[in-house]
Novice: 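Encoded as structure tokens, here's the structure I'll be asking about.
Remember, predicted model here, so these are calculated numbers, not experimental data. Proteins come first, then strands; the chains are lettered A, B, ... in the order of their sequence lines, and each starts at number 1. Heavy-atom basis, side chains included; hydrogens, waters and symmetry copies ignored.
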Amino acid sequence: MLSVWVIRNFLLIGDEDSCWDSTPRLSTGEEGSVPQTRQSILRNRLLRAMAPDDFERLQPHLDPIALQLREVVIAPDAPVDELFFLETGMVSISTAHDERRIEVGLIGREGLVGAVPVALDCTTTPHVFFVQLSGEGLSIGRDAFCAAIAESPALRRLLLRYVHTLIVQITQTAYAHASLSLEGRLARWLLMCHDRSDSDELVLTHEFLSMMLGVQRAGVTLAIQNLEGAGRIRAKRRRIEVLDRGKLLALTNGSYGTPEAEYARLIEGA
Amino acid sequence: MPLYFFHLRHGPDPNGLAQDLEGDELAGPEAARDHALAVARDLIARVRLHAVRDWFSCTFEVTDEGGHLVMTVPFSDTVTEEDED
């Protein structure tokens, strides 16, 4: 069971962005048999990238789960007993201070929530991991996952390479915070969100972006207006449509693209 | 509590107003003004935007739920009020 916390100061839209209904079912078992998850129908890029025999090691332990908006999947300083391969939706890694919660990392269908503390053999993490776009995924118990990586050097290597790409992403977030204007940071965030979404239209409120980017809502509204004026996005109430990725990329000053390229190179062999 | 909308005026033309469609619930006009000043201070101190050359030329145009202008809060008021303290 996942613990559900309602995050303070976290105002968001309702259930209209749920990816639950539009997603192909994960289980494809015959009627009357134990449902099995097939590697080929999955969307999680780590599960797809791993060798078939490594997937077979994990497969009996994978449980389909729904990820509800605002749900905390890993709480700060609490034991990480489960990991989550995301199929749809997004999980945010944020600083866990009460005053100002700022997103430092983003995990979508390319990722595994809980990979860092488990790969680095730490029981807990000081950060909070919560669902910022509802969706679904596959959970696996820590013990089963650790047993599989102890058996398979290839699986361990894949995990460590993923951890590397996440560290690169967080490093680039630090660079973006330090060097970019708010328009540039927003552009980077929209590109990352777009990469992990099935639609060009992203469902988000300004209040939500305000929290993600760690700035007052009025600043976000102004930045959105500026991006819209240049034809990069189209903003509607509670929605932002990505119109021109190239124009967004031009604002990011190199802060977008490095972790994405590392992922493609190290995980998918591009 | 009443809902207040904090539209950000950053230029003279119609495009110079960033519309707040979400609003904040606050106890009354005094709380709304305090909120506007707190937001302005935080923007001045922490946020760099291409769209804004000078935060001190910006103003919050605060409206109620009916869209009526309740008050304007120039960002320069953040300085005046602090000096009076």
Side-chain angles (χ1 to χ4, degrees), chain A residues 9-14 99-102 175-189 203-240 247-248 250-253 255, chain B residues 1 3-26 31-63 65 67 69-78:
Chain A
N9 299 331
F10 193 92
L11 307 168
L12 243 177
I13 33 144
E99 276 287 292
R100 189 165 256 144
R101 195 185 286 270
I102 296 179
Y175 162 62
H177 274 264
S179 72
L180 293 185
S181 67
L182 184 54
E183 286 96 337
R185 287 175 52 208
L186 176 62
R188 172 177 186 260
W189 197 88
V203 181
L204 3 110
T205 63
H206 295 194
E207 185 67 35
F208 176 75
L209 285 168
S210 155
M211 201 200 74
M212 290 296 98
L213 298 168
V215 297
Q216 298 289 342
R217 191 178 72 236
V220 169
T221 303
L222 237 171
I224 288 172
Q225 189 189 43
N226 201 20
L227 293 192
E228 188 173 29
R232 297 177 173 99
I233 59 171
R234 182 182 298 130
K236 297 172 212 167
R237 192 172 167 78
R238 294 178 164 182
R239 281 172 164 70
I240 292 178
K247 282 184 178 174
L248 287 172
L251 291 177
T252 60
N253 228 354
S255 63
Chain B
M1 286 208 286
L3 196 55
Y4 291 93
F5 296 87
F6 297 85
H7 311 294
L8 180 51
R9 168 69 64 191
H10 57 98
D13 53 37
N15 290 333
L17 187 70
Q19 295 260 11
D20 176 14
L21 299 177
E22 295 175 19
D24 291 286
E25 282 190 349
L26 293 154
R33 181 175 165 79
D34 288 348
H35 180 75
L37 287 171
V39 171
R41 281 195 195 98
D42 196 59
L43 288 171
I44 292 165
R46 302 179 50 245
V47 177
R48 193 159 54 83
L49 265 159
H50 283 303
V52 176
R53 209 169 289 258
D54 178 12
W55 281 119
F56 288 101
S57 64
C58 294
T59 299
F60 273 122
E61 299 181 3
V62 185
T63 60
E65 278 182 88
L69 188 67
V70 179
M71 71 186 83
T72 58
V73 183
F75 277 44
S76 54
D77 280 6
T78 56

Novice: I'd like to know if the side chain of Q225(A) and the backbone of L17(B) have a donor-acceptor N/O pair within less than 3.5 Å.
Specialist: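 Checking the backbone N and O of L17(B) against the side chain of Q225(A), a donor-acceptor pair under 3.5 Å is found.
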Novice: Heavy-atom cut-off 4.5 Å, strictly under: side chain, backbone, both or neither for L213(A) against chain B?
Specialist: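 L213(A) has no heavy atom closer than 4.5 Å to chain B.
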Novice: If I take atom CG from residue L49(B) and atom CG from residue N226(A), how far apart are they, to the nearest 0.5 angstrom?
Specialist: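 These two atoms lie 7.5 Å from each other.
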Novice: Is there a donor-acceptor contact under 3.5 Å from the side chain of R46(B) to the main chain of G214(A)?
Specialist: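 Side chain of R46(B) to backbone of G214(A): a pair is present.
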Novice: Can you sort out the partners of W55(B) under ring-ring contact (aromatic ring centres under 6.0 Å, His included), two or more places apart, ordered by chain and number?
Specialist: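 Partners of W55(B) by the ring-ring contact (aromatic ring centres under 6.0 Å, His included) criterion, ordered by chain and then number, come out as F75(B).
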Novice: Need one label for L21(B): side chain, backbone, both or neither, based on atoms under 4.5 Å from any heavy atom in chain A.
Specialist: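 Looking at L21(B), backbone and side chain both touch chain A.
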Novice: Can you tell me which portion of R185(A) sits under 4.5 Å from chain B's heavy atoms? Options are side chain, backbone, both or neither.
Specialist: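 Neither part; nothing is under 4.5 Å.
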Novice: Short question: side chain of Q216(A), backbone of R41(B) - any donor-acceptor pair under 3.5 Å?
Specialist: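 Not confirmed, Q216(A) side chain does not pair with R41(B) backbone.
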Novice: Among V47(B), V39(B), L43(B), single out the residue with the greatest number of heavy-atom pairs under 4.5 Å to chain A.
Specialist: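 Among the listed options, the one with the most contacts to chain A is V39(B).
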Novice: Got a donor-acceptor contact below 3.5 angstrom from the E207(A) side chain to the E22(B) backbone?
Specialist: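 It does not hold such a pair.
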Novice: Might you point out which heavy atoms bring H50(B) and S181(A) nearest each other, and give the distance in Å?
Specialist: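 Heavy atoms of H50(B) and S181(A) come nearest at CD2-OG, 3.2 Å.
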Novice: Can you name the ring-ring contact (aromatic ring centres under 6.0 Å, His included) partners of H10(B), sequence neighbours left out?
Specialist: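 Partners of H10(B) by the ring-ring contact (aromatic ring centres under 6.0 Å, His included) criterion come out as none, since no residue qualifies.
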Novice: Is the closest side-chain heavy-atom distance between L222(A) and V52(B) below 4.5 Å?
Specialist: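 Heavy-atom side-chain distance check passes, below 4.5 Å.
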